[in-house]
Amino acid sequence: MTHETDFHDDSRTVGETPEMATSVTGPQFEPTHERALTPAVGPARDVDGFVRQFLRELNYTQGVPLSRSTLNDQYLALARTVRHYLMQGWIRTGKRRRDAGDKVIGYLSAEYLLGRQLDNALLAAGLEDIAREAMKECGLDVDLLRSQEIEPGLGNGGLGRLAACFVDSLATMDVSCIGYGIRYEYGIFKQTFEDGRQVEVPDSWLALGSPWEFPQPDRAVQIDFGGHTERYTGDDGRERTRWVPAWDVQAVPYHLLVPGYRNGVVNTLRLWSAKATNAFDLQLFNQGDYAEAVRAQTFAENITKVLYPEDSTPQGRELRLQQQYFFVAASIKDFIRHTLPADFDLHRLPERIAFQLNDTHPVIAIPELMRILVDEHDFEWDEAWDVTKQCFDYTCHTLLPEALEVWPVDLLGRLLPRHLEIVYRLNEDFLARVREQFDGDEVRARRMSMVQENPVRAIRMAHLATVAATKVNGVAELHSQLLRDKVLPDFSEMWPDKFTNVTNGVTPRRFVRIANPGMSELVTEAIGEGWLTDLERLRELEPFADDAAFRERFRAVKAGNKERLRQLLHHRDGIDLPEGHLLDVMVKRLHEYKRQSLKLLHVVSLYQRLLSDEVDPESTTPRTVVFGAKAAPGYFMAKETIALINAVAATIDADERVAGRLAIAFPANYNVTLAETLIPAADLSEQISLAGKEASGTGNMKFALNGALTIGTDDGANVEIRQLVGDDNFFLFGMTEPRVAELQAKGYVPGDVYASSPRLKSAIDFLASGEATGGDPSRAAAVVDDLLSSDRFMALADFDAYVEAQEKVEATYADTEAWTRSAILNVARSGFFSSDRSMRDYLDRIWNVSARS
Ligand code: 26W
């Protein structure tokens, strides 16, 4: 240590800058004393100020001198230091919003897949260089400290990551937004492989400290469950209902900071944690029955213990419904009680809040708001419904019928008896309207009902959401169209104007600037600053696609990103990626509709080609295929597919004959952090779902923005990506959605496809024989049997077209200049896919709020 940095010397004063001097007026803060008005001053924005704050955190919060500190101590102190710089922005933003009485976007989402916080906070606050220097002065490496952070994985996949991108954009656009969600103690499981099979390990993301959250136990709210309802006559002589709950828990808010990009704005994410109302039963405890004494506590606190790792197949579990009600009830209560002024007239609620329902998971908020207005605030039913309808909008994120949530009425009635009554009454009113408008069409009424009768009586949450919401949107053009035409056709006939599309987007701060600093620098050099908050400006790169020197530099950046990935996989997974290969990447949740099996069949086919005498291996394009995917723990076929990919990877890896030509890597535990290194390194982006099944995809956008070319079907946002980047810069293959529907209607027989395609037959036979799985045919049995007998997602039907498209990929890749040109054009033409644009669309067409920037 060269500098006197071991212990913070408090005799030195911390620099003050006048612009930072502002008064701290928290929500309930009444200054009663002169001193209370003393401005809180943040640390000086220079290396010295940063070092001082860092040492203060290390010494006084972590309680260690630098010389005795562990990496984790240093990471926590660094995180808290950066957090310090954001606090004034947070306080100011809150005050400004309260003073202005802004309408708030209440984003209700059961998932936020945030990714690491430190990198984003450093970028947003503009502190990257200062932090680097400051750490260097302390003899530390900022990159090493950044890599210590365990990302908060409070989501499963696309839907949760989208929520994280959206709150980032809203802060960057200075829109008043509170993201409401659940503080799961354990996020999405950590994936490990044992003998190639997925094994789930709990994700203890809080274990080593959580420097980004602020608990507010004093703002806990009570959430009720169970019991029954009673009719009674109110003082005014009116017949009323009250809910007499059987048990309750406390919802404790934790807030996280959502910093805008270099605009001083810091919005809030409010995540709820469950705590028992009574820690334990003292009487039982005193009798010595310790386990029984804490039983209630364990029960209550289980509500936010763990994220359900199911993505798209809801299990209808009681605990999941508890989670859903828990977080929306807490959020609405908190908003009314703490965010609105005390005397606020709830008739005007829609002027102050727009709750966005992120899929059906938070839809129980609709009857909850009705209950609050009718039972607790004496609203007339119709009056309450009028207010409620104006407060909600609903986004659907799926097309799979099995992903549409339904809650059995016996479960709902047991857990939330009043809510069930409310839904029944809403449904009665709604069906009366349907019968009136459609001539007493009973069949239609049954189709549209919020209540399904078979196989069990259950509430269709998507119908409830659609009836209540002012606007209902899908997440890509094709998806929104299919939502109108196939999923909710009766509703779109009844209310054509209710339905709209907002194509998803991704935040360029995280997925371009942080993930791909090399390319970002190159872009800035070419077109100047400003594109990171105005991503359509990437268009200005188009002419550079024809500039040979620029292409050369673009390739150098890609090569650097590949090298960075090689280093990471070497250290993280012990995987040694070959150099100089086409890097072909398929990363996303493992699901049959996404068709990882189709990619695997292609790999097998490539392997066969290399082993055959027909092709000179030297003439083929050396290729490394990288998979990344988690399977829902109970999803048998998904887990079999993972095991099969790993078995094929091991076989190919061990086969000297194909060394240097073909490799497969499957790093475990694909997450946001890995995505940030993987995506910028990719040459080829695999987006090969069965047309009509992938609602949008957002990985597809991240790849295009980082200069990978897409091989994809006409599905989800691929359609829009191809339209924008141009047919010449996108490898399209496969059936279109109408063709899929036609084939399905006709009766799809995978065996016929197998029999009629020699290349497919050969790949499947090879796989079935065990030759691709180290001689063990049992490894491939489940997947092969399924493909041949049912192939629900028609992988076989698209196989030949896929292989042909891959041949085009190879031909194009062989022409380095043409490939680079296409890659640059992908970047230049993908600015549309910024989540800032998505947010602008929601603001203009759904929320009717304008952005400040
Ligand atoms: C367990 C029930 C359940 C049901 C559906 C859990 C999760 C879901 C989600 C809707 C699945 C999901 O994440 N959908 C994805 O949302 C992304 C963001 O809009 C889209 O880009 C993906 O295409 C879509 O699959």
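Just so you know, these numbers come straight off a predicted model, no measurement behind them. Atoms within each ligand, like the ligands themselves, are counted from 1 in listed order.
- Taking distance alone, with nitrogen or oxygen atoms compared against 3.5 Å, N504 approaches ligand 1 more closely than that limit.
- Between the side chain of Q323 and the main chain of L307, no donor-acceptor pair closer than 3.5 Å is present.
- Those atoms of ligand 1 with a heavy atom of Y593 less than 4.0 angstrom away are 25 (O).
- Distances shorter than 4.0 angstrom do not occur between any heavy atom of G157 and any atom of ligand 1.
- Protein heavy atom at the shortest distance from atom 7 (C) of ligand 1 is S312 N, 3.6 Å.
- Between V783 and L600, the closest side-chain pair of non-hydrogen atoms is not below 4.5 Å.
- Close contacts of ligand 1 with A695, meaning ligand atoms under 4.0 Å from a residue heavy atom, involve 23 (O).
- Residue-to-ligand polar distances place L159 within reach of ligand 1: an N/O pair is separated by less than 3.5 Å.
- Cation-pi check for K693 over Y593 is not met; the charged atom does not lie both under 6.0 angstrom from the ring centroid and within 45 degrees of its normal.
- Between E151 and R116, none of the side-chain N atoms (NZ, or NE/NH1/NH2) sits under 4.0 Å from a carboxylate O, so this pair counts as no salt bridge.
- With hydrogens and angles disregarded, no donor-acceptor distance shorter than 3.5 Å links the side chain of T304 to the backbone of S273.
- Those atoms of ligand 1 that come under 4.0 Å of a heavy atom in D311, given as number and element, are 11 (C), 13 (O).
- Distance alone, capped at 3.5 Å, places no donor-acceptor pair between the D841 side chain and the V502 backbone.
- At a 4.0 Å cut-off, not a single heavy atom of N156 sits close enough to ligand 1 to count as contact.
- In this structure, R161 contributes its side chain and Y112 its backbone to no donor-acceptor pair below 3.5 Å.
- A salt bridge does not link R509 to D119: none of the charged nitrogens lies less than 4.0 Å from a carboxylate oxygen.
- Geometrically, ligand 1 and T313 share no nitrogen or oxygen pair separated by less than 3.5 Å.
- Considering each of G158, G716, G697, A110, the one bringing a non-hydrogen atom nearest atom 20 (C) of ligand 1 is G697.
- Between E310 and ligand 1, no N or O atom pair is found at a separation short of 3.5 Å.
- Taking a cut-off of under 4.0 Å to the non-hydrogen atoms of D359, the atoms of ligand 1 that pass are 10 (C).
- Heavy atoms of H479 come nearer than 4.0 angstrom to ligand 1 in no pair at all.
- For the pair R183 and Y254, the cation sits on the ring face: its NZ or CZ lies under 6.0 Å from the ring centre, inside 45° of the axis.
- You'll find the side chain of Y635 reaches within 4.5 Å of the side chain of E592, heavy atoms only.
- Here the protein heavy atom with the shortest distance to atom 24 (C) of ligand 1 is H397 O, 3.4 Å.
- For the pair V475 and ligand 1, the shortest N or O to N or O distance does not fall below 3.5 Å.
- Of the protein's heavy atoms, E694 OE1, 2.6 Å lies nearest to atom 23 (O) of ligand 1.
- T398 contributes a side-chain N or O that, together with a main-chain N or O of L400, makes up a donor-acceptor pair within less than 3.5 Å.
- Of all the atoms in ligand 1, the ones that sit under 4.0 Å from a non-hydrogen atom of A403 are 4 (C).
- Heavy atoms of H361 approach ligand 1 to within less than 4.0 angstrom.
- Of the N or O atoms in S696, one or more lie within a sub-3.5 Å distance of an N or O in ligand 1.
- Side chain of R589 to backbone of K630: a donor-acceptor contact under 3.5 angstrom is found.
- Contacts between K588 and ligand 1, counted as non-hydrogen atom pairs separated by less than 4.0 Å, are absent for every part of the residue.
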